[in-house]
Each structure stands twice: as structure tokens, then as C-alpha cells.
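Side chains are part of it too, since the values below use all heavy atoms of this structure and drop only hydrogens, waters and symmetry mates. As the structure is a prediction and not an experimental result, all values here were calculated from the model.
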Amino acid sequence: MNRKELIINHIKDRLNSLEELGQVYSEEKINSLAENLANSDKTLTEINTLIDNKFSNQVRKINHNKNLASLKEYYLSQIDKLKKGNNCYLLSYDQGVKILEQAYIEEIESVNPYLKLVNVNNEKQGYKKENSINNDYELIMSDIAYLLNIDYAHTYRIFDEKMNPTGIVNISFVEKNERFLNLEETLRFVKEESTKFNQTQELLEYHDKNIKHGLKEAKITEYKNNTEYVFKLFACLPDITKENIEQLKRDYLNMKVFELLTNSLNNNLSNIGIMVNKTKLTYTYRLSPSYNKYVVDLPSIDRTKTICNFFIVDKKELLNTLVENYYYYIKELLSLIYNNKDTLLPIIIQVIKEHLEYTEYSKYNKLVTENINMISEIVLNKKTKTPDTKDDLAKNEDNNILYNNRVSPFVDNYVSDEYEEEKGSTILLAVVTIVLFATIGIILLAVYAISKMNM
């Protein structure tokens, strides 16, 4: 039997074991593939491995797209005819559970060609964006933010009456008496309102120096100054208290960790902001919810790098800088990711499966996996040098219980997915067990405490 015949036999053996590809490969296509491979300089073992990998990848793609198609059928089976006064359906997660509801969306004005200010149910304002891969990522990051208890702008997928997706809407996060300022606008606000003139002048000089030449690569010695610029900006806000500064710093640093995990690159000073509240002539502040966190890939930026404020920075060097200088603020979130990575990653992978076509899904899956491994490596190294205290361990345990309560609805949604990989299903099923035992433990503790009181 010659080389080509051996290759054809292997192809047919593999196709016989993969029903999904049975109708994809004709005799002509099999012969053509075998001819090309036979003429290559690879060994038969290498060719067989190449065929196995190629077919396995194609099967994953077919099943992935079947799963996306089945979602639409599922949504269609859940809906009733639009009631009078409603013109769309909104899909969101409410504490991890999929919620599909009817709504009325009215366009108020066009902010730009890609963004519309809208009224939702005559109750809330929001910003509507059309269909795009970027907006799929925004939905994904909203879900990941929920898993990690990161504040994110409430985001809905919009469907028409036939359950065709027509875009997304972010509900405005500005509350009564508040206004939103991104950090570029915050600098102008500080310049006009702050009484800390010397510090404000330093901020202006640093800002102007670093935006003069546009986005640029930073040296590792600049990373800390880049972060401290934001903290000094917080400290110059009028009426700001020490407690308020500490909370802003904590929320900002946790957002940086979230951006690193999700590979968000849209992290310049125009896409980070504060909410300014003025009551009784006194200002108070909070970091705005994350939003617009959807750019995960830029041709001009290497996959090992990200954008942080003024600079293009190395992801690992940035995280090392944050851990070495601000570990006090971020250790709870880092511990949460590290302690739960075996459940967090499979859930994230299932979330992105629901939103992205196979090629885009594969790319993002790899990025997030790399990022969570990077975070785990750095956290392990830090914990080895600086072990957790008893207070840290107690806090981590509390956070783990809250995390398990958040993820259990996601497990219910995903564990029955017929296309779920066996490893992921096993891990996710384990989460259910963890949550169950945690709940039983809490109940037993409560019963014990009551019995002690009665004594």
C-alpha cells in the first residue's frame, strides 16, 4: 500500500468515528487532501497527527455553531407575543440567571454614528449600540464582572420580535444629584475647583508631558508613577476625605486586575471615571462602574501588552508592579481568582461560547487562559513570600462562599450543555457540591449558635 493510500485510509477511519464530518468530506475532497499531504515532507506519523487535530478542530467548530443556533431556538421557545407598547426583548443576567423580558426602547438622540441615547420603558436612560463583536465582548465582560463582584454598567442584549439580535444597551449609571467625569474631565474639574494649587500644577505638568507624543511604550520604572498620577488626582478632588480616597484607590486597583484578567485594552483615561455627587454644598465621589471594556485585541499591540492610562505596558510587569506596591488593596480579589481558578475559568469559557463565533471564541479563550495563569503564578509567588494572615484567610473564606453563591446559577445554566467538554462539566458539577456543603455548613453553624443561646 503506497503513502497516499495509507493517508486515505486514516482519513476515512477518522471520518467514520466523527459523524459530524460525515457529510462534509466527499471522495474528491478526501483524495485532494491526501494528495497534498502525501506530497509533503512530513512523516506518516506527523501527517496522521495533523489530520486528527484538523478534524477535531472542525468538530469543535461544528458543535460550537450548533450550540449558538440552539440558543436562538431556546429563546424563541421562551417568548410570548410582544404586548402593546413594547417593541423589543431584553436579555440579561440577574444574579447569574438568564432573564428575558419585554421592553419599550425609544431613541432620544444620536451621540455618534455608533451610539444612541435611548429611553428604556420610560423609566431609565441608556446607550444603545449596534451589533458587533466588540459589543459581544461588552456582554461577556459584564458577566465576568458579576462573577468577581466588580461593578459594571448593567448591560442588555436587544432582540426584535423574531429574536434576531439588534444590539445592546447599557443602562446609565448616573444617579440623582450625580454627574460622570472621565479622568481627563476630572483633571479639568480639579483645575477649576481644587484649592490644592501646587499638587494640581504637578498633575497638569505630568499629564501634558505624557500626552504630548500620544500613546507610547513605558519603561518599568514609569509604571508606578503612571498609577500614582491617578491617586494624586483623587487626592486633589475638592472636599475629598481620606476614607473616600482609600475607597477610590481600592476600586481603581481592582478594576486594573479585572482589565488584566479579561484582556481589556480600552483602558485610557477617557474610559475610566468618577461619579461626582454634590449634596449640601459638599462633594463626595465614587468610581464609576466599568463600561466600554471590550477591545481585547489590537494589531499594533503585542498580546503580552496592554494599555494603562498614558502608556502601552507589559501585562506581567504591570501586575507585578501592582502586587509589589499595592497588594493591600487588591489581595482579596487576587486571592478570589487564585483560589477559584478551576471553576472560574470553565465558567468564563462557557460565557464566551454563548456570544462568540468559533474563531473569535478560540482566540479569546486562549487570551483569558494565559491571563488567569499569569495572575495565579504571580499570586502564588507573593503568597509564598508573604503568607496570608489569619484575618486574610478568614476574609478569603467569606469571599469564597459569596463567590460560590454567585456562580451556582451559572452552573445550573451550563452543566446541562450537551456540547460542554467533559473536564469543564466535572469541574462545574463540583461547584454545585461545594455550594451545597457550604450551605449545609452555614445551617449547622446557625443551629449550633441557637442551641447555645437557648442554654
Side-chain angles (χ1 to χ4, degrees), residues 1-73 131-134 136-137 140 262-263 265 295-306 312 314-316 345-346 348-374 377 417-427:
M1 192 175 292
N2 63 34
R3 179 178 166 93
K4 180 179 175 181
E5 289 173 338
L6 289 169
I7 294 172
I8 288 175
N9 284 343
H10 185 76
I11 291 174
K12 288 184 174 181
D13 285 343
R14 292 296 291 128
L15 289 176
N16 287 335
S17 66
L18 300 169
E19 294 180 6
E20 299 88 343
L21 293 179
Q23 297 178 348
V24 176
Y25 281 82
S26 62
E27 285 291 332
E28 182 180 355
K29 191 170 182 179
I30 291 171
N31 277 314
S32 176
L33 175 59
E35 182 76 33
N36 290 334
L37 291 171
N39 291 331
S40 73
D41 58 1
K42 297 181 183 301
T43 67
L44 278 175
T45 301
E46 289 173 332
I47 288 172
N48 288 343
T49 301
L50 189 67
I51 291 167
D52 293 346
N53 290 340
K54 177 182 176 68
F55 286 173
S56 295
N57 190 59
Q58 288 180 330
V59 168
R60 284 194 292 270
K61 182 175 181 179
I62 290 170
N63 286 339
H64 180 91
N65 291 336
K66 279 183 180 178
N67 189 35
L68 287 179
S70 70
L71 280 175
K72 182 176 178 180
E73 295 302 318
N131 286 329
S132 74
I133 289 175
N134 283 346
D136 291 335
Y137 278 114
I140 290 165
T262 57
N263 217 73
L265 303 181
V295 179
V296 300
D297 187 29
L298 289 173
S300 59
I301 296 181
D302 184 270
R303 67 187 295 117
T304 63
K305 293 181 169 57
T306 188
I312 298 171
D314 182 272
K315 289 189 290 191
K316 193 167 186 177
L345 184 58
I348 291 174
I349 289 170
Q350 285 301 312
V351 167
I352 63 180
K353 267 187 178 181
E354 290 201 352
H355 293 292
L356 300 176
E357 291 294 338
Y358 184 74
T359 302
E360 196 73 15
Y361 153 78
S362 299
K363 178 186 74 177
Y364 190 52
N365 182 350
K366 186 174 182 180
L367 283 170
V368 173
T369 301
E370 288 174 355
N371 292 340
I372 203 167
N373 288 336
M374 174 192 71
E377 176 191 336
D417 183 353
E418 64 178 302
Y419 303 114
E420 167 61 352
E421 294 175 8
E422 192 170 329
K423 180 181 177 184
S425 295
T426 303
I427 291 172

Quiz prompt | From N365 atom CG to Q350 atom CD, the distance as rounded to the nearest 0.5 Å | solution = 10.0 Å
Quiz item: Could you state the interatomic distance from CD (E35) to OG (S40), rounded to the nearest 0.5 Å?
Solution: 11.0 Å
Self-check item: Y358 backbone acceptor or donor facing S362 side chain under 3.5 Å
Solution: yes
Quiz item: Hey, does T306 have a side-chain heavy atom less than 4.5 Å from the side chain of I301?
Solution: no
Quiz item: Is the closest side-chain heavy-atom distance between E27 and K12 below 4.5 Å?
Solution: yes
Quiz prompt | Donor-acceptor side-chain pairing of N373 and T369 below 3.5 angstrom | solution = no
Quiz item: Who are the side-chain hydrogen bond (donor to acceptor under 3.5 Å, both in side chains) partners of E370, not counting sequence neighbours?
Solution: R303
Quiz item: How long is the gap from CG on L44 to CG on L6, to the nearest 0.5 Å?
Solution: 6.0 Å
Self-check item: Separation between NZ of K305 and CG of D314, rounded to the nearest 0.5 Å
Solution: 5.5 Å
Exercise. Working to the nearest 0.5 Å, report the span between OH of Y364 and OG1 of T262.
Key: 5.0 Å
Quiz item: Are side-chain heavy atoms of E360 and Y137 found at a separation under 4.5 Å?
Solution: yes
Quiz item: Rounded to the nearest 0.5 Å, how far does CD1 of I372 lie from CG of L345?
Solution: 5.0 Å
Quiz item: Taking E5 for the side chain and N2 for the main chain, is one N or O donor matched with an acceptor at less than 3.5 Å?
Solution: yes
Self-check item: Among L37, N39, N31, side-chain contact (heavy atoms from CB on, under 4.5 Å) partner for K4
Solution: N31
Quiz item: Any chance NZ of K363 has more than 12 other-residue heavy atoms, nucleotides or ligands included, within less than 6.0 Å?
Solution: yes
Quiz item: Quick one: side-chain hydrogen bond (donor to acceptor under 3.5 Å, both in side chains) partners of K315, sequence neighbours excluded?
Solution: N263, N371
